[in-house]
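In what follows, every chain begins at residue 1, and chains take the letters A, B, ... in the order their sequences are listed.
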Amino acid sequence: MQIATWNVNSLKVRLPQVLDWLAARPELTVLAIQETKLEDHAFPRAEIEAAGWHVAFVGQKTYNGVAMLSRLPLEDVQFNLPNFDDPQKRVITATVGGVRVIGAYVVNGQALDSEKYPYKLAWIDALIAYTREQLAQYPQLALVGDFNIAPEDRDVHDPAKWANDVLVSPPERERFQALLDLGLKDSFRLFEQAEKSFSWWDYRMMGFRRNAGLRIDHVLLSDALAARCTGCEIDKEPRRLERPSDHAPVIATLAD
DNA sequence: ATGGCTTAGTGCCTAAGA
């Protein structure tokens, strides 16, 4: 099976690209989507189901919003972090083919001196606790999404420029490591990868053409799943399209 | 050049993203 994550930056705008992408990937089993930016009544459920997908979603106006699409039925669907009271719709969890998949849109944080930064750190602490609890119940677990953290300097196009900025600060990276310490592997780093591999590029400054990006979208796999993982790739093709999302999808492949 | 673009809503500018 293949597990993917993609921050689409508005599902309303990107739905045709998402459906095209899914149609071209018959091996894909489950896709976690972030930043749908849609209230539930406006979610394009019929179009997605017509394409042969099961779907669950939780959203709000303008910001955030997450969805999970699956070829197999979505079981035991859970919305948001049960241990963190939060009006922002950022998490969706479901069991697919015996695999527990947590799709997360981690808080951006905006800047180190923003009030959103301590919110980000507290939010990730709750995600860590929730993932620990889920992992105890479901040894076959994938935590995927837009983490808004570049784990290492090699995940940053220009580490000097980004030094001490949000997305790379030590408290954020320590929390990313705390997630790994629960017993998760960054599937992308299980394999040899090209240098300067990124999953997000700024719309401005010709970021994509210059490959001035960050690797902030991740597929983390429990040890049981990591043992089955045969590959992980970032698909840059959708980023080349007209009117792209600023993020590229990340796909991990698991042997049966 | 500490910004350039893209999105949605309050709507023709503003806030936010990363």
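The stretch residues 239-251 of chain A touches DNA chain B through A:Arg243, A:His247, each having a heavy atom under 4.0 angstrom from the strand.
Separating the P atom of B:dG3 from that of B:dT14 is a span of 16 Å, rounded to the nearest Å. The P atoms of B:dA15 and B:dT10 are separated by 14 Å, rounded to the nearest whole Å. B:dT6 and B:dC12 have their C1' atoms separated by 16 Å, with the value rounded to a whole Å. Of the C1' atoms belonging to B:dA16 and B:dG11, the separation is 16 Å, rounded to the nearest Å. A gap of 15 Å separates the C1' atoms of B:dA18 and B:dG4, to the nearest Å. On the C1' atoms, B:dC13 is 23 Å away from B:dA1, given to the nearest whole Å.
Taking the six-membered ring where tryptophan is involved, the planes of A:Trp162 and A:Trp200 are perpendicular, since the angle between them exceeds 60° and thus also 30°. Relative ring orientation between A:Trp123 and A:Phe84 is described as perpendicular, the plane-to-plane angle rising above 60° on a 0-90° scale split at 30° and 60°.
Here A:Val166 lies out of heavy-atom contact (under 4.0 Å) with every strand. Counting non-hydrogen atoms under 4.0 angstrom, A:Asn7 reaches the backbone sugars and phosphates but no base. Note on A:Phe208: nothing from the nucleic acid sits closer than 4.0 angstrom, heavy atoms only. Using a 4.0 Å heavy-atom distance criterion, A:Lys120 is classed as making no nucleic acid contact. Counting any heavy atom pair closer than 4.0 Å across all strands shown, A:Asp165 reaches no nucleic acid atom. Among the protein residues, A:Asp202 comes within range of no part of the nucleic acid, since none of its heavy atoms lies under 4.0 Å from any strand.
Mapped onto DNA chain B by nearest heavy atom, A:Lys116 and A:Lys161 fall at different nucleotides, with A:Lys161 at the one closer to the 5' end. Along DNA chain B, the nucleotide nearest A:Gln110 and the nucleotide nearest A:Thr62 are compared for position; the residue whose nucleotide lies closer to the 5' end is A:Thr62.
Taking 4.0 Å as the cut-off between side-chain N and carboxylate O, A:Asp155 and A:Arg173 do not count as a salt-bridged pair. With respect to the salt-bridge test (charged N to carboxylate O, under 4.0 angstrom), the residues A:Asp246 and A:Arg204 do not qualify.
Side-chain N/O atoms of A:Trp21 and A:Asp235 include a donor and acceptor closer than 3.5 Å. Side-chain polar atoms of A:Arg228 and A:Gln140 form a donor-acceptor pair below 3.5 angstrom.
Within 6.0 Å of the CD atom in A:Gln137, the count of heavy atoms belonging to other residues, nucleotides or ligands exceeds 12.
Side-chain contact between A:Arg189 and A:Arg154: present, with at least one pair of heavy atoms (C-beta onward) separated by less than 4.5 Å.
Through direct or indirect side-chain contacts shorter than 4.5 Å among Ile, Leu, Val, Met, Phe, Trp and Tyr, A:Tyr138 is connected to no other residue.
Boundaries of the chain A contact region on DNA chain B are B:dG4 to B:dA18, first to last in 5' to 3' order (nucleotide atom under 4.0 Å from a heavy atom).
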